[in-house]
Amino acid sequence: MGVTSMRRRGTLKTGLLPGGNVALEKIGLTEEDVRDEIMSEEQDLVKELVTMSTRECIQAIRDLPMCMEDKKNIRNQVLASKSSKKGFLLTCSADCSEQISLSLRRCGVGLSSARQAVRLWQGTMKEIGGRFGTSVLSYFSFLKWLLMFNTISFLVNFGFITIPQLVQTSGRSPDVRFTGLELITGAGYFNQTVMYYGGYINGTKDSDFKYNMQLAYFFTIAAYLVLCGVSLIYSMARSFRRNFVLSDLSSGSAWRLLCSWDFSMVNERAVRQRKNNLRVQLKESLSEMMQTNFLPVSERMKQLGIHLCTWVVSAGLAAGSCAAIYYLCQYNLQQIKVSQNPGNLKEEASTLLLPFVVSLFNLVIPLLYSLLSKVENYSNPRFQIYVIILRNVFLKMSILSILCFHWVNNVTTNVPMCWESYVGQDLYRLVIVNFFFSIFGSFFGEFLRRIIGTRCMPSIGIPEFDIATNVLDLIYAQTLTWIGIYFSPLLPLIQMIKLFLLFYLKKVSLNRNCQPPRRSGRAAQMQTIYIALLFFPSFVGALSLVAYTVWCLTPSDSCGPFQGLNTTFEAVSLWMEDTAIISEFSWAVWIYSHMIKSELFFFLLALIFLVLIYFFWQITQGRKMLIILLKEQIINEGKDKAFLLEKLRTFQNLSLVPYHAENVHGPQYFERTYQTESDYSEGYQRGACPEEDTPPFASSALMQAMMARRQAEEEDEEY
Amino acid sequence: MGTSASQLPKDLLSEYQSNPFKERICLVFSTSDNKDGSLTFEDFLDLLSAFSDSATSDIKSHYAFRIFDFDDDGTLDRKDLERLVNCLTGDTDETRLTSDEMKQLINNILEESDIDKDGTVNLSEFQHVISRSPDFVSSFKIVL
């Protein structure tokens, strides 16, 4: 309550003085009165600030919308009044604690500014934001965010799983030569290193190195996935609250367009272009509103038919690509069965066919989708973007689910050696080939299109940076990495290197080949959608696959830390049985057996959450009604205010004439003349139109109230 | 750049020559008595602080309101809004909106944001509109 009133007071001075001169002249109020009023408001502000703690006080002063001199003034007054209040009770310890807290604050500020300076890619991202706007910048911030996820995953996996394994097996070395092809196929030399699941062994049995690799492997990956999930849910919820709930979803987008002017643009051509785009968008939105949407029934049926056709065609394309990939996977498995020489280079290179085909489908079919969407006619361009994104996500997720189905059903039974390492190698190849196709796509989509657009067919023009496609590409690659964490613990390292290189590649391509986007706005809402897509099909899908593998599938017998167990999760059960013997940890065993293993507990938990959701939904409905009622109340109070001000004005007009005659000795007295504005807004003169003759509404209300109060005081003095 | 007592006239901010609000920004942040838009060092710091990443949405919306208030009367009336739209879309004859379109646009704006229906947008109504546009805080930024 105090802070909002302080903000109002902060605006008082600016509200009174600059425009107030015009109002002052018309009402006949002295400048001195106004200054007295401002001083008394300042005193109240200082009194409020003195009651706060030092840190809150400093933050509150920083948040005041005043110029620096005024803020310094207020701060000095607050300090003076605080020290006078303390008086002579300053003891040594109080002084010391003040000094310590001051130096700690300064340290904190120094640390945060140092952290700002060493943030990765800070300068580059400012440049990109300045030239291309916030929506293109959101792609790069998304990339940086994903890089952080992968870095944490790599550090955690490397520290808890890989280093102990390397220490354990420091004597042995793989017996296959390193050829360069491994970097792309991931097989061969890498197959026997710590790159894949097969390279890890539970060494507690033979050596005296007591590190339980089973538990370490399981819990490291579980902890990382839980951490990822929690941070994704948190980001998604926060972003959703900020950008969807609090924002205006109605189609009246005039204000949004006006408030989305990007102040950080400095390039003159970009600014001119932005102005043009804004004008076009405003005209479009106006014509949309003015146009009546009464299409005849036959037109609407035709539109519906076209929509249905395009949906069927896109679903058909997705299904066709899934079937092709499935048959290719089966073919690969058969090749392994009939292969005579496992180390054959040609056979290893032929394993690259599957990732190549997958990435080719991921590149070509979205282009077909965008061609299809040109055939359709959407009234709302935002809806069109949503449909395109939905189709692309559907395609990518269906391809991934076919691959997962193949791995889980066919690979586990048909591969003679380590099936987890086989899956890990598949994922490695998919990630690497995806990277090459990103480079390829950037080359064709941006570089060649610019060449064609400028030299051969100028009607196409310079391409824009296609944010949706690139972000979906990033999400797809991250899904692959999350799936692959269980099968190949060092896959995040590959993803990290890939993201790092991709940042620079995209930056160079953007700077040389692309123009700023034509349609502005809605960057924040698209950001929420991308985070939601990263959570819902991507992370949840990866998590469910890993959970199914851990819970239900039998680990392979010949390799890996879980060999010999029925399921991976059995390692935890065995550990719990071992700990049950130790009586100090019986509480942990009790939690395990009665909460984690029992279904009743989860059922009750789900029931409680459903009830809570219902309650919160009812509260939301109630608040919506409250908003409607409050808006009506504001309208009514505005009408009351206008009515009272009219009465006050007529009252003062009646009493103004005798007042003039009495107070001729008043200093700095202004006549009631109408004056055109001269200095403030150059070149803009208000003509003497009849409706402009009344003083500005807000400040004159204050003036009149002050005048009425002074009149009342003087009348009291007289009596 | 001079001492802290020197004044920076508004023409010298060469980086922001193309910003359509350059004059309003200088006028709003200037504390000089002769209202010519010149900035002292402290005014310049105020400007950068208001446009920085760590300024709160309240401060940004407060200063944005003052920048958009072309006649400095404390409210955004029709003339202010008209000038704002012209600033953002271009001031030459071929780039201006027609008067019908302008009237329609300003009617839409006032319908959306004027809660107490007095024909003007005051600071609270403006801040309410801003709180519902999540893109505002990220676009009201100047980075050096």
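Numbered from 1 within each chain, the chains take letters A, B, ... in sequence-line order.
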Atom [atom1] in [X], atom [atom2] in [Y]: separation rounded to 0.5 Å?
| X | Y | atom1 | atom2 | value |
| --- | --- | --- | --- | --- |
| A:R279 | B:N86 | CZ | CG | 11.0 Å |
| B:S57 | A:R242 | OG | CZ | 11.0 Å |
| B:F41 | A:M68 | CZ | CE | 8.0 Å |
| A:L278 | B:T89 | CG | OG1 | 7.0 Å |

A quick test of your reading: do over 12 heavy atoms of other residues, nucleotides or ligands sit less than 6.0 Å from [atom1] of [X]?
| X | atom1 | result |
| --- | --- | --- |
| A:K631 | NZ | no |
| A:E69 | CD | no |
| A:R119 | CZ | yes |

Proximity breakdown for [X] and chain A, heavy-atom pairs closer than 4.5 Å:
| X | result |
| --- | --- |
| B:Y63 | side chain |
| B:F65 | neither |
| B:F29 | neither |

Open item on the list: Checking A:D63 against B:I59 for the side chain to side chain contact (heavy atoms under 4.5 Å, CB included) test, could you report, in this order, the C-alpha distance in whole Å, the side-chain angles of both residues, the deciding distance, and whether it holds?
Closed with: CA-CA 7 Å; A:D63 284 341; B:I59 293 188; 4.3 Å; yes
Task: Side chain to side chain, A:I635 and B:K117, heavy atoms closer than 4.5 Å - done: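 In short, these two side chains touch, coming nearer than 4.5 Å.
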Open item on the list: Between B:D69, B:D46, B:D116, who has the most heavy-atom pairs with chain A when the cutoff is under 4.5 Å?
Closed with: B:D46
Task: Nearest atoms (heavy-atom pairs only) where B:C87 meets A:K275 - done: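 What the structure gives for the nearest pair is O-CE, 3.7 Å.
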Open item on the list: Given heavy-atom pairs under 4.5 angstrom as the criterion, report whether the side chain, backbone, both or neither of A:R272 touches chain B.
Closed with: neither
- [ ] Please state whether the side chain, the backbone, both or neither of A:K72 comes within less than 4.5 Å of a heavy atom of chain B.
- [x]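 When you check distances to chain B, only side chain atoms of A:K72 fall under 4.5 Å.
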